[in-house]
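Counting begins at 1 with the first residue of the sequence.
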Amino acid sequence: MKKKIIFSIMLAGLLLWACGEEFTTVAPTGILSDDALQNATGVDLKLTAAYSAMDGERVDRQGEPVSAGGDNWWADVVSDDAHRGSTDGDNTELFQIETLDWQTGNGWFLGRWSALYGAVNACNAVLSLINQIPDGDFTQQAGEAYFLRGYYNFELQKFYGNPPFISVDNLDNIEFNQPNPGPIWAQIEADFTEAINSLGDDVITGRANAWVAKAFLGKAYLYQGKYDQALPLFQDVINNGPYALNAEFVDNFNLAGENASESMFAIQFAADDGRSFNGNGAGTLNFPGGGPLGTCCGFYQPTQDLVNAYQTSGGLPLLDTYADTDVVSDYAINSDEPFTPHTGPLDPRLDYTVSRRGIDYNGFGINPGKEWIRATFSDISGPYLPKKNVYQADEVDAQRGTGGWGSDWSGINYNVMRFADVLLMAAEAAVEQANPNLPLALEYVNRVRNRAKNMTPVQTVDGSADAANYQIEPYASFANQAEARKAVRFERRLEFGMEGHRLFDLRRWGIAMETINTYIQNEGEDLNLSGYDSKFGTYQPKHDLFPIPVNAIDGSGGILEQNPGY
């Protein structure tokens with residue numbers, strides 16, 4: 001049975017005392033005193049709360065609730081992978097984010113900030129409690145808390161660039177108003193290193209171990225360009241760790257493959273009868289606006305640019321020319337009008353990532369096109385639907401949960417890191433290290449491509465044939481470092497499209513401004529939508545970081561400093 005995320009531990013059963021002074025000496029019913037928590041059970045309770053913060057659900061959360069989740073889907077809408085989706089007038093603040101009209105008071109920026117700092121404090125609470133217990137061995141629990149704090153701070157770092165670091169001492173002394181003089185990479189590296197030294201190697205569902213901590217330390221090095229330090233960590237995980245690629249790509253996004261060999265660290269979502277906080281509330285907008293189950297709300301639509309990236313020639317990507325031709329779409333064509341899907345060669349991962357008209361939609365039958373698209377033809381959202389975040393038709397009973405206003409809270413786990421990520425990060429480090437190792441990079445990239453080649457592609461509804469003209473092959477060689485770099489980066493997009501990574505990859509590679517501004521122009525031409533470009537601002541250097549929320553700056557009394565350009 002899937003381990004369920006616990007939303008609240010400490011507040012259940014709280015009673016308010018109406019009279020008398022007993023409340024000054026007697027703990028209210030349902031509240032655990034500090035003394036009662038100073039044991040193994042108390043540590044485990046607080047550690048569970050620190051894990052539960054991964055989904056962004058917490059008491060007194062600020063800002064936009066949907067932005068708080070750990071899948072980071074809304075960051076994709078800034079990139080060339082996804083549109084905000086739905087109609088242009090639905091949720092103005094997210095429309096502003098996609099179109100680069102960023103306001104420091106935008107609730108989406110605050111929502112993620114608030115959730116992550118709540119999570120950091122939950123980790124500090126674990127470490128503080130352990131420090132108060134004189135007896136017992138809490139090495140493992142402390143290691144998990146250090147890992148989680150490293151992870152949450154890593155997220156703050158990659159989103160905001162200059163976040164303040166909150167320590168255990170700051171928590172103990174209620175000194176949360178800390179400055180943000182610059183990046184906190186040193187503290188992140190220290191936490192992941194402490195986790196490596198404290199954690200065991202055993203794989204425990206939903207929990208961190210030393211292998212995962214090594215992979216995340218490698219990722220922290222990679223983001224800083226410390227490739228020579230990153231590669232040995234990735235190789236250790238690849239060569240000696242317990243992880244492997246799933247035979248089927250789709251098993252990373254369904255119930256059958258949850259917590260399988262490729263899943264290294266995942267948010268453990270669960271769907272329950274009735275309303276529950278155990279499902280993916282942050283992804284509740286990202287279902288067809290209608291569709292086979294009458295879902296809401298048509299957000300998070302893949303771009304034409306992403307779809308075009310899956311074109312192949314001789315089984316290989318069109319690294320330099322993919323944007324020159326378009327995969328045929330049904331944009332501006334109603335569902336009752338004839339349409340013939342694209343017949344050219346495609347990477348088979350496309351139709352597990354993007355739902356296109358004429359192709360089976362996760363077992364629900366043929367996607368009929370516009371009938372399932374909430375956006376109109378005058379909106380910037382395009383004709384496609386996401387698939388990785390949507391349950392399979394034969395898993396609806398197990399994976400479809402309910403939130404407020406009848407929204408879907410999916411039970412599909414979100415893989416924060418999967419083994420394919422480690423392979424491609426290792427390939428990148430091999431290309432970029434002081435002495436590039438192109439054969440090693442080729443080996444790791446081809447492991448990912450060969451899985452895609454050997455998996456079962458999406459089939460026609462009757463199961464008699466492949467649903468499209470799928471052609472994919474491994475690379476024979478990399479001629480030079482420049483070609484290898486291009487291939488590795490492109491492979492990341494193909495493998496992790498619509499998984500919340502694209503914007504952060506473009507930023508750390510230093511190519512976000514060029515890539516996104518070119519994409520905006522191309523996408524308008526692809527959709528042949530009059531006035532498309534005029535709805536967008538221009539990506540500028542300041543957009544390489546999200547702004548520090550003005551609410552946080554105001555609350556700090558000016559201690560926090562805003563990122564440049566805002």
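Side chains of R357 and I333 form a contact here, defined as non-hydrogen atoms less than 4.5 Å apart. Counting heavy atoms from C-beta on, the side chains of W372 and P292 come closer than 4.5 Å. Using a 4.5 Å heavy-atom cutoff, the side chains of L442 and P474 are not in contact. No side-chain heavy atom of N254 sits less than 4.5 Å from a side-chain heavy atom of E248. The shortest distance between side-chain heavy atoms of P302 and P386 falls below 4.5 Å. You'll find the side chain of L506 stays beyond 4.5 Å of the side chain of Y519, heavy atoms only. Two residues are said to be in side-chain contact when any heavy atoms from C-beta on lie closer than 4.5 Å; D71 and I267 fail this criterion. A 4.5 Å side-chain heavy-atom check between W73 and K388 finds every atom pair outside the cut-off.
Judged purely by atom type and a 3.5 angstrom limit, T295 uses its side chain to pair as donor or acceptor with the backbone of P288. Side-chain N or O atoms of E64 include one that pairs as donor or acceptor with a backbone N or O of V66 at under 3.5 Å. Side chain of N517 to main chain of Y539: a donor-acceptor pair is present (N/O by atom type, distance under 3.5 Å, no hydrogens or angles). Remark: the backbone N or O of L116 is not paired with any side-chain donor or acceptor of E155 at under 3.5 angstrom. No donor-acceptor pair under 3.5 Å is formed between the side chain of Y227 and the backbone N or O of A430. Side-chain atoms of N415 come within 3.5 Å of backbone N or O of N252 as a donor-acceptor pair. With hydrogens and angles ignored, the 3.5 Å screen pairs no side-chain donor or acceptor of N334 with any backbone N or O of D336. Checking side-chain atoms of N446 against main-chain N and O of Y475 turns up a donor-acceptor pair under 3.5 Å. Of the possible polar contacts, none joining the D466 side chain to the A468 backbone as a donor-acceptor pair under 3.5 Å is found. A donor-acceptor pair under 3.5 Å links the side-chain atoms of D76 to the main chain of G500, judged by distance alone.
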Side chain to side chain contact (heavy atoms under 4.5 Å, CB included) for Y310 and Y322? Distances and angles first, verdict last.
CA-CA 8 Å; Y310 287 93; Y322 80 91; over 6 Å; no
If you apply the rule side chain to side chain contact (heavy atoms under 4.5 Å, CB included), what do you find for Y300 with L285, and how did you get there?
CA-CA 8 Å; Y300 199 30; L285 303 177; over 6 Å; no
Chi angles and distances behind the side chain to side chain donor-acceptor pair (under 3.5 Å) call for N362, E395
CA-CA 10 Å; N362 287 6; E395 297 178 350; over 6 Å; no
If you apply the rule side chain to side chain contact (heavy atoms under 4.5 Å, CB included), what do you find for I373 with Q301, and how did you get there?
CA-CA 9 Å; I373 301 292; Q301 292 184 239; 4.0 Å; yes
Verdict with reasoning, N280 to N286, per side chain to side chain contact (heavy atoms under 4.5 Å, CB included):
CA-CA 10 Å; N280 185 358; N286 304 336; over 6 Å; no
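Side-chain polar atoms of Q268 and N259 form a donor-acceptor pair below 3.5 angstrom. Side-chain N/O atoms of E428 and W509 include a donor and acceptor closer than 3.5 Å. A donor-acceptor pair shorter than 3.5 Å can be found between the side chains of Q304 and N308. Residues S464 and D462 bring a donor and an acceptor atom of their side chains to less than 3.5 Å of each other. Using modelled atom types, one finds no donor on one side chain facing an acceptor on the other under 3.5 Å when comparing N469 with T343. In this structure, a donor-acceptor pair under 3.5 Å is absent between the side chains of N522 and D305.
The neighbour count for N528 CG, taken as heavy atoms of other residues, nucleotides or ligands under 6.0 Å away, does not exceed 12. More than 12 heavy atoms of other shown residues, nucleotides or ligands fall within 6.0 angstrom of atom CD in Q459.
Rounding to the nearest 0.5 Å places NE2 of H342 at 9.5 Å from CG of L350. Of the inter-residue distances, the one linking N450 atom CG with L245 atom CG reads 10.0 Å to the nearest 0.5 angstrom. Here the CD1 atom belonging to I516 is positioned 10.5 Å from the CZ atom belonging to F536, to the nearest 0.5 angstrom. The CG atom of N239 sits 6.0 Å away from the CD atom of Q235 when rounded to the nearest 0.5 Å. Here the straight-line distance linking atom CD of E144 with atom CZ of F147 works out to 9.5 Å at 0.5 Å rounding.
Ring pair F249/F253 is perpendicular by interplanar angle, where above 60° counts as perpendicular and below 30° as parallel. Taking the six-membered ring where the residue is Trp, F192 and F154 present tilted rings, their angle falling between 30° and 60°.
Heavy atoms only, all atoms of each residue included: D330 and P383 are closest at OD1-CB, 3.4 Å. Taking both residues in full, the closest heavy atoms of S329 and F339 are given as O-CE1, 3.1 Å, listed atom of the first, atom of the second, then distance. Taking every heavy atom of both residues into account, T303 and A82 meet most closely at CG2-N, 3.4 Å. Residues D360 and K387 come closest through the heavy atom pair O-NZ, 3.0 Å. Nearest heavy atom pair, residue H83 against residue G382, reads CD2-N, 4.5 Å. Heavy atoms only, all atoms of each residue included: A68 and G111 are closest at CB-O, 3.8 Å.
Remark: W211 pairs with no residue by the ring-ring contact (aromatic ring centres under 6.0 Å, His included) rule, at least two apart or across chains. Here R492 pairs with D421, D505 under the salt bridge (charged side-chain N to carboxylate O under 4.0 Å, His left out) rule; sequence neighbours left out. By the side-chain hydrogen bond (donor to acceptor under 3.5 Å, both in side chains) test, S410 pairs with no residue at all, sequence neighbours left out. In terms of the ring-ring contact (aromatic ring centres under 6.0 Å, His included) criterion, F95 has no residue partners (sequence neighbours excluded).
A salt bridge is defined here as a Lys NZ or Arg NE, NH1 or NH2 lying under 4.0 Å from an Asp or Glu carboxylate O, and K370 with E337 fails to meet this definition. Residues R374 and D379 are not paired through a salt bridge, judged by the lack of any N-O separation under 4.0 Å between the basic side chain and the carboxylate. Salt-bridge check for E473 with R449: failed, with every basic side-chain N at 4.0 Å or more from each acidic carboxylate O.
Listed by first and then second residue, the salt bridge (charged side-chain N to carboxylate O under 4.0 Å, His left out) pairs that reach into residues 401-420 are E262-R418, R400-D408, R418-E495, R418-E499, sequence neighbours excluded.
If you run side-chain contact (heavy atoms from CB on, under 4.5 Å) between L346 and each of V327, T312, V307, only V327 comes through.
W108 has its ring centre no less than 6.0 Å from the ring centre of F159.
For the pair R84 and F299, the cation-pi test (distance below 6.0 Å, angle within 45°) is passed.
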N/O donor to acceptor pairs below 3.5 angstrom from side-chain atoms of residues 212-223, sequence neighbours left out:
unit_1: K214; atom_1: NZ; unit_2: D236; atom_2: OD2; d: 2.7

